[in-house]
Amino acid sequence: MFDRRFESADDPLFLRLKALNGERSRLAQSFEYNYGDFIPILRPFLRGYLRICEEVKETRLKLFKDFFLEERKKLASTKAMDNNGLKCAIDHILEAQQKGEINEDNVLYIVENINVAGTRASVHDRDDAVVDGVGDRGAGVNHGEIQEKLRRELDTVLGPGRQITEPDTHRLPYLQAVVKETLRLRMAIPLLVPHMNLRDAELAGYGIPAESKVLVNAWYLANDPGRWRRPEEFRPERFLEEERHVEANGNDFRYLPSGAGRRSCPGIVLALPILRVTIGRLVQNFELLPPPGQDRVDTTEKGGQFSLHILKHSTIVAKPRAF
Ligand code: HEM
């Protein structure tokens with residue numbers, strides 16, 4: 001987004017951002033957040049909690065402003081902002097501000113929003129998906145035959161040892177199916193993001209008063225035994241056979257890993273290729289195995305802010321392949 005990267009995991013700015021994002025995430029999952037949201041009469045008792053939320057919000061916004069927005073603006077005033085003719089996302093957002101289409105606060109909140117949505121879904125949920133997809137529950141450690149089938153596809157289409165890049169992913173239907181199946185069985189954001197209907201509505205005979213908080217159980221829609229064949233199985237083949245027309249962009253209301261409609265995930269077009277290349281590279285280059293002495297990885301889950309997470313993190317064995 002800013003055409004920048006941290007040089008190492010010890011970069012002081014990276015460490016500050018990580019700590020602040022961790023604190024934001026902790027506050028958002030706290031018991032206070034839940035009871036204040038669902039039992040409004042108890043909100044007056046939340047003053048201490050809300051004060052900390054306010055402080056964290058101010059610190060994060062200041063950091064985004066000082067270290068990202070101002071630096072980008074400075075750079076833009078001293079040299080051309082293009083990277084071989086390609087502008088990065090923030091340049092378009094700043095351009096909209098210059099044209100008066102949005103104001104400075106809007107810019108700051110877009111950066112904040114993408115930071116939460118992109119890194120949370122990417123770092124946590126996408127990491128889960130990577131682990132699920134190639135590791136413990138998916139095409140890997142607990143499903144050796146799927147891992148092997150994927151490796152065969154990669155070797156046949158690319159040739160052994162030729163590293164997968166984004167354009168290749170369009171010629172790898174099984175890899176695409178593995179990612180889809182991972183997002184179905186281990187949906188990253190199972191209840192999507194809360195929505196609100198502006199007007200009174202009726203759905204399946206139920207009245208929904210205006211301004212209700214609406215949660216969509218997307219995980220159940222994608223795992224409903226009445227609508228999917230053996231949904232409890234990790235079976236990528238379903239997306240090449242009976243569900244071959246189903247895409248992750250919301251073209252089928254049984255499968256909404258990125259939501260649907262105007263408020264659906266704008267980042268999924270970035271996330272899907274990243275997931276495919278990450279999973280592809282891992283399976284191409286390594287045989288993924290359970291820790292020594294174990295024949296499976298324990299996949300028990302625990303609750304998280306929006307989704308379930310793996311309870312016990314395991315170190316899996318990545319055995320390099322000889323080409
Ligand atoms: C595997 C990765 C990802 C998954 C599964 C995912 C999933 C979702 C879901 C389910 C929603 C809510 C949609 C709804 O309620 O209808 C959402 C919203 C959003 N996502 Fe993602 N996301 C991913 C990655 C990303 C990335 C990489 C970015 C940004 C670079 C991003 C940016 C956003 C934003 C800004 C929203 C809010 C959209 C709005 O409210 O209008 N996401 N995402």
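Nothing here was measured: the structure is a model prediction, and the numbers come from that model. Start at 1 and go down the list; that is how both ligands and their atoms are numbered. Computed from heavy atoms alone, side chains included, the values below leave out hydrogens, waters and symmetry copies.
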So the atoms of ligand 1 within less than 4.0 Å of a heavy atom of His195 turn out to be 14 (C), 15 (O), 16 (O)
Please compare Ala188, Gly267, Ala218, Pro266 and report which has the shortest non-hydrogen distance to atom 31 (C) of ligand 1.
Gly267
Applying a heavy-atom cut-off of 4.0 Å, say which part of Pro257 lies close to ligand 1: side chain, backbone, both or neither.
backbone
What atoms in ligand 1 come closer than 4.0 Å to a heavy atom of Ala271?
1 (C), 2 (C), 24 (C)
Numbering the atoms of ligand 1 from 1, which are under 4.0 Å from a heavy atom of Asn113?
35 (C)
Which part of Leu272 is near ligand 1, with near meaning a heavy atom under 4.0 Å away: side chain, backbone, both or neither?
neither
Side-chain donor-acceptor contacts of residues 206-214 below 3.5 Å, not counting sequence neighbours, with atom names and distances?
from   : atom 1 : to     : atom 2 : distance (Å)
Ser212 : OG     : Pro209 : O      : 2.6
Lys213 : NZ     : Asp37  : OD2    : 2.5

Quiz question: by atom type and distance under 3.5 Å, do the side chains of Gln163 and Asn285 form a donor-acceptor pair?
yes
Please say whether the positively charged group of Arg235, taken as NZ for Lys or CZ for Arg, lies over the ring of Trp228, i.e. under 6.0 angstrom from the six-membered ring centre and within 45 degrees of the axis.
no
Any donor-acceptor N or O pair under 3.5 Å, side chains Asp168, Thr165
yes
Polar contacts were defined as any N/O atom of the residue lying under 3.5 Å from an N/O atom of the ligand; does this apply to Arg263 and ligand 1?
yes
Please could you name the atoms of ligand 1 that Ser258 approaches to less than 4.0 Å, counting only its heavy atoms?
10 (C), 13 (C)
Any nitrogen or oxygen of Val193, main chain or side chain, under 3.5 Å from a nitrogen or oxygen of ligand 1?
yes
Test: Arg238 and Glu241 ion pair at under 4.0 Å
no
Can you tell whether the side chains of Lys74 and Glu71 come within less than 4.0 Å, N to carboxylate O?
no
Check whether Phe239 forms a cation-pi arrangement with Arg244 (NZ or CZ under 6.0 Å from the six-membered ring centre, at most 45° off the ring normal).
no
